[in-house]
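Letters A, B, ... are given to chains in the order of the sequence lines, protein chains preceding strands, and every chain is numbered from 1.
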Amino acid sequence: MAESSRHFIQQMIDADLAEGKNDGRVHTRFPPEPNGYLHIGHAKAICISFGLAEEYGGLTNLRFDDTNPTKEDVEYVDAIREDIKWLGYKPTGGEFFTSDYFDQLYNYSLKLIDDGKAYVDDQTSEQIASQKGTPTEPGTHSPFRERSPQENRELFEKMKAGECDEGSRVLRAKIDMANPNMHMRDPIMYRIMFATHHRTGDKWCIYPMYDFAHGQSDSIEGITHSLCSLEFEVHRPLYDWYIENLDIFPSRQTEFARLNLNYTVMSKRKLLRLVEDGVVDGWDDPRMPTISGLRRRGYTPESIREFISRVGVAKRENIIDVGLLEWALRDDLNRVAPRVMAVINPIKLVITNYPEGQIEWLPSVNNPEDPESGTREIPFSKELWMEADDFKIEANRKWFRLAPGKTVRLKSAYIIEYENHICDENGNVTEVHVKYFENSKSGSDTSGIKAKGTLHWVERNHAIDAEVRQYDRLFADEAPDGHKDKDFTEFLNPNSLEILSNCKLEPSLADAQQGTTYQFTRLGYFTPDSKNSREGALVFNRAVTLRDGWKG
RNA sequence: UGCCCCAUGGUGUAAUGGUAACACACCUGAUUUUGGUUCAGAUAUUCCAGGUUCGAGUCCUGGUGGGGCAACCA
């Protein structure tokens, strides 16, 4: 973890600290809007804000940015809390809601009205939009711009009292309709919405806009470093304007580039569509780039944090290869995942010279990367299941697995040699017959035979049946939402889910733990599906395959 | 044709005026009772043009390219 180079935000904080700014405090916040589930892009924001505070011995607030009751819901609040906790972070500075500050925000707006810096506009949204100008032309003033503070105050109080229709009036800041930054052209502060808020109920019928709420909320909480993504960069002058004109604690906003991953979409709107259209099995579908989806898929929090740290922090637009995320998972799981044997496309393997009815319990290493992990015993007998892919009728010398004339080792057991095979009427191999070398037992091999390949297997009578779901990327295109004139759903990968229902697992998996990801030897990493796996009807999700170095 | 941001191997990220580095990917080879892991090695990089300087990826000017901004969304 000893990274010598410091990214630009760390350098900024270092400089602030050196200057003695904020009495040496570092206080960040993570401000999700509870209108959807968190995704891997949010994980970056979480790791930055929580991680930086941790690093500097500071605090982080979790603040739900709930200023738009028509889009927000408590379901999302709970999911967001859980995801943050699962990632391993705690809101050390407390948990808040922007709605906690509605009274304070209202008082702030009164101050701006009294100072002649805000006014009530009676125009329609269309009229206001048409006066806004364009990026290249200045806007024009509203006819209501010069109302007196007294009149504005009376009108605004009426708005608050519910005496005005939705859409009939707004409160705007009086800044500069000719400003080259569109956000400074008399931005709307409050709009009327007769909507029940998930926390404040029907207390309010006016709700503050993001810009009028965010900076002040930061300020109220004493946030020193307000870190957000690049698209808010143009909002910063307004963020600063409100703080300055309200004369409140000067939180500082700093922007970094958000995380983009190839072969997926990352906007909440698009993810919501996949959920609503039933393309996926909810926000936590294992193919979704959501935190909950990755969790269900079998990702570990450690792997996600490692991934985020590898991705870095900068201001440059970036598209990260999803392969890096998979690498981070393998890197973590290789160290910690228990190894087990599972055959997902089973065919029969008969050891012709092994005694009928005999069972041996053979020790097998739980994790060769972890000497502490010990061994467990797995049953072995004359009839086993082997992987269909591990047998080929015609094979060349580069084929290390079973084929006519080939000799291989059965993992943790014996070396076997091909004798015969049986096909069904379609020519598919259904059964392979081999002989074993009794003196080649794992750990006490005196046979002197060298087998190039090692196969996994499961004893036939002790095998547990299970369903295995193998996932591939949800989209077949690197940038599914990067095509003009083409909807991102056109690039859905039709093979993103493959369900195998006749899989055979070693008996120890009968009590596979939810939340544990196992390595199925030679296949990949798998975890029980949190939604569908039951005792006696196990369902496993494949998190990721093993790296495949074989160029056959 | 306004304002803001950005530009370093295939992908990311460093180098803070002094030998362009690290990770992932890719390719070789070694080891291996997982074609995994591990280890060793190879290939490959400063958008362009001027300027400042003994010296520029870094500073300046001008281009070019990419992204963002005109919701009563956040």
Asker: Can you figure out which of B/U1, B/A70, B/G35 approaches the side chain of A/W399 most closely?
Answerer: B/G35
Asker: Please tell me which of the listed nucleotides, B/C73, B/A23, B/U34, lies nearest to the side chain of A/N68?
Answerer: B/C73
Asker: In this structure, how many angstroms lie between the P atom of B/G12 and the CG atom of A/L261, rounded?
Answerer: 11 Å
Asker: Report yes if at least one side-chain N or O of A/R191 is closer than 4.0 Å to OP1 or OP2 of B/A74; otherwise report no.
Answerer: yes
Asker: Whole angstroms only, please: what is the NZ-P distance between A/K315 and B/A14?
Answerer: 13 Å
Asker: Heavy-atom contacts under 4.0 Å between residues 320-329 of chain A and RNA chain B, which residues?
Answerer: A/I320, A/D321, A/L324, A/W327
Asker: Of all the nucleotides listed (B/C72, B/A74, B/G35), which has the minimum atom distance to the side chain of A/D548?
Answerer: B/G35
Asker: A/R258 has an atom CZ; how far is it from atom P of B/A74, in whole Å?
Answerer: 16 Å
Asker: Classify the ring geometry of A/F488 against A/F475: parallel below 30°, tilted from 30° to 60°, perpendicular beyond 60°.
Answerer: tilted
Asker: Give me the distance, rounded to whole Å, that separates B/C4 from B/A14 when you measure between the C1' atoms they each carry.
Answerer: 26 Å
Asker: Does A/V311 reach a base, just sugar-phosphate, or nothing at all? Heavy atoms under 4.0 Å.
Answerer: sugar-phosphate
Asker: Using the side-chain heavy atoms of A/M193, tell me which of these nucleotides is nearest: B/C73, B/G35, B/A25.
Answerer: B/C73
Asker: Separation of A/N367 atom CG from B/U33 atom P, in whole Å?
Answerer: 17 Å
Asker: When A/L402 is tested against each of A/D390, A/T407, A/L410, A/L455 for side-chain contact (heavy atoms from CB on, under 4.5 Å), which residue passes?
Answerer: A/L455
Asker: Base of B/U13, side chain of A/R316 - is there a donor-acceptor contact under 3.5 Å?
Answerer: no
Asker: With nearest nucleotides of RNA chain B determined for A/F8 and A/Q123 from heavy-atom distances, which residue corresponds to the more 5′ nucleotide?
Answerer: A/F8
Asker: Any salt bridge between A/R335 and A/D331, counting N to O under 4.0 Å?
Answerer: yes
Asker: With a 4.0 Å limit, can you tell me whether A/T67 has a side-chain N or O closer than that to the phosphate oxygens OP1/OP2 of B/A74?
Answerer: yes
Asker: Remember a base hit wins even if backbone is also touched, and classify A/I319 as base, sugar-phosphate or nothing at under 4.0 Å, heavy atoms.
Answerer: sugar-phosphate
Asker: For this output row, return yes or no: ring centroids of A/F212 and A/Y190 closer than 6.0 angstrom.
Answerer: yes
Asker: When we call it a touch if two heavy atoms are under 4.0 Å apart, what does A/E126 touch: a base, just sugar-phosphate, or nothing?
Answerer: nothing
Asker: Classify A/R335 by what it touches in the nucleic acid, base, sugar-phosphate, or nothing, heavy-atom distance under 4.0 Å.
Answerer: nothing
Asker: Let's test this: given Watson-Crick or G-U wobble pairing with both distances under 3.5 Å, identify the partner of B/A23.
Answerer: B/U11
Asker: Out of B/A70, B/A23, B/U34, which has the shortest distance to the side chain of A/T134?
Answerer: B/A70
Asker: If you take atom types as modelled and just measure distance, does the side chain of A/E369 reach the base of B/U38 with a donor-acceptor pair under 3.5 Å?
Answerer: no
Asker: Regarding A/K406 and the six-membered ring of A/Y418, is the cationic atom NZ or CZ under 6.0 Å from the ring centre and inside 45° of its axis?
Answerer: no
Asker: Looking at B/C72, B/A14, B/G36, which one has an atom nearest to any side-chain atom of A/I188?
Answerer: B/C72
Asker: Classify the angle between the aromatic ring planes of A/Y106 and A/F156 as parallel (below 30°), tilted (30 to 60°) or perpendicular (above 60°).
Answerer: parallel
Asker: Between B/U13 and B/G62, how far apart are the two C1' atoms, rounded to whole Å?
Answerer: 29 Å
Asker: Within the structure shown, what part of the strands sits under 4.0 Å from A/G443 by heavy-atom distance: base, sugar-phosphate, or nothing?
Answerer: base
Asker: From OH of A/Y525 over to C1' of B/U34, roughly how many Å is that when rounded to an integer?
Answerer: 9 Å
Asker: What orientation do A/Y210 and A/F232 show, parallel under 30°, tilted 30 to 60°, or perpendicular over 60°?
Answerer: tilted
Asker: Taking any heavy-atom pair under 4.0 Å as a contact, classify A/P32: base, sugar-phosphate, or nothing.
Answerer: nothing
Asker: Taking A/R63 first and then A/E221, would you say they form a salt bridge - that is, a charged N and a carboxylate O separated by under 4.0 Å?
Answerer: yes
Asker: For a quick check of understanding: with a heavy-atom distance under 4.0 Å over all strands, which category does A/R401 fall into, base, sugar-phosphate or nothing?
Answerer: base
Asker: May I ask you to evaluate whether A/R547 reaches the phosphate of B/U37, defined as a side-chain N or O under 4.0 Å from OP1 or OP2?
Answerer: yes
Asker: Base, sugar-phosphate or nothing for A/K398? Non-hydrogen atoms, less than 4.0 Å.
Answerer: base
Asker: Please find the pair of heavy atoms, one from A/V322 and one from A/N262, that lie closest to each other, and give the distance.
Answerer: N-OD1, 2.9 Å
Asker: A/A314 side chain: which of B/A14, B/A71, B/U34 is closest?
Answerer: B/A14
Asker: Heavy atoms only, 4.0 Å cut-off, all strands: where does A/V313 land among base, sugar-phosphate and nothing?
Answerer: sugar-phosphate
Asker: What integer distance in Å separates A/L402:CG from B/G35:P?
Answerer: 14 Å
Asker: For nucleotides 65-69 of chain B, list the nitrogen or oxygen atoms of the protein found under 3.5 Å from its nitrogen or oxygen atoms, one pair per line.
Answerer:
residue: B/G67; atom: O2'; partner: A/E317; partner atom: OE2; Å: 3.0
residue: B/C69; atom: O2'; partner: A/H183; partner atom: NE2; Å: 3.2

Asker: For A/Y207 and A/H197, take the angle between the two ring planes, folded into 0 to 90°, and tell me which bin it lands in: parallel under 30, tilted 30 to 60, perpendicular over 60.
Answerer: parallel
Asker: Hey, mind stepping through A/F526 and A/F540 against ring pair (Phe, Tyr, Trp, His ring centres under 6.0 Å) and telling me if it holds?
Answerer: CA-CA 6 Å; A/F526 298 77; A/F540 279 81; 7.3 Å; no
Asker: Within the structure shown, what part of the strands sits under 4.0 Å from A/E255 by heavy-atom distance: base, sugar-phosphate, or nothing?
Answerer: nothing
Asker: Any donor-acceptor pair, under 3.5 Å, between the side chain of A/R409 and the base of B/U33, if you only look at N and O atoms?
Answerer: yes
Asker: Can you check the distance between B/A40 and B/A56, where both ends of the measurement are the C1' atom (answer in whole Å)?
Answerer: 36 Å
Asker: Does A/R522 make a side-chain N or O approach to OP1 or OP2 of B/G35 shorter than 4.0 Å?
Answerer: yes
Asker: Pick the nucleotide of RNA chain B nearest each of A/S440 and A/Y190; which residue has the one closer to the 5' end?
Answerer: A/S440
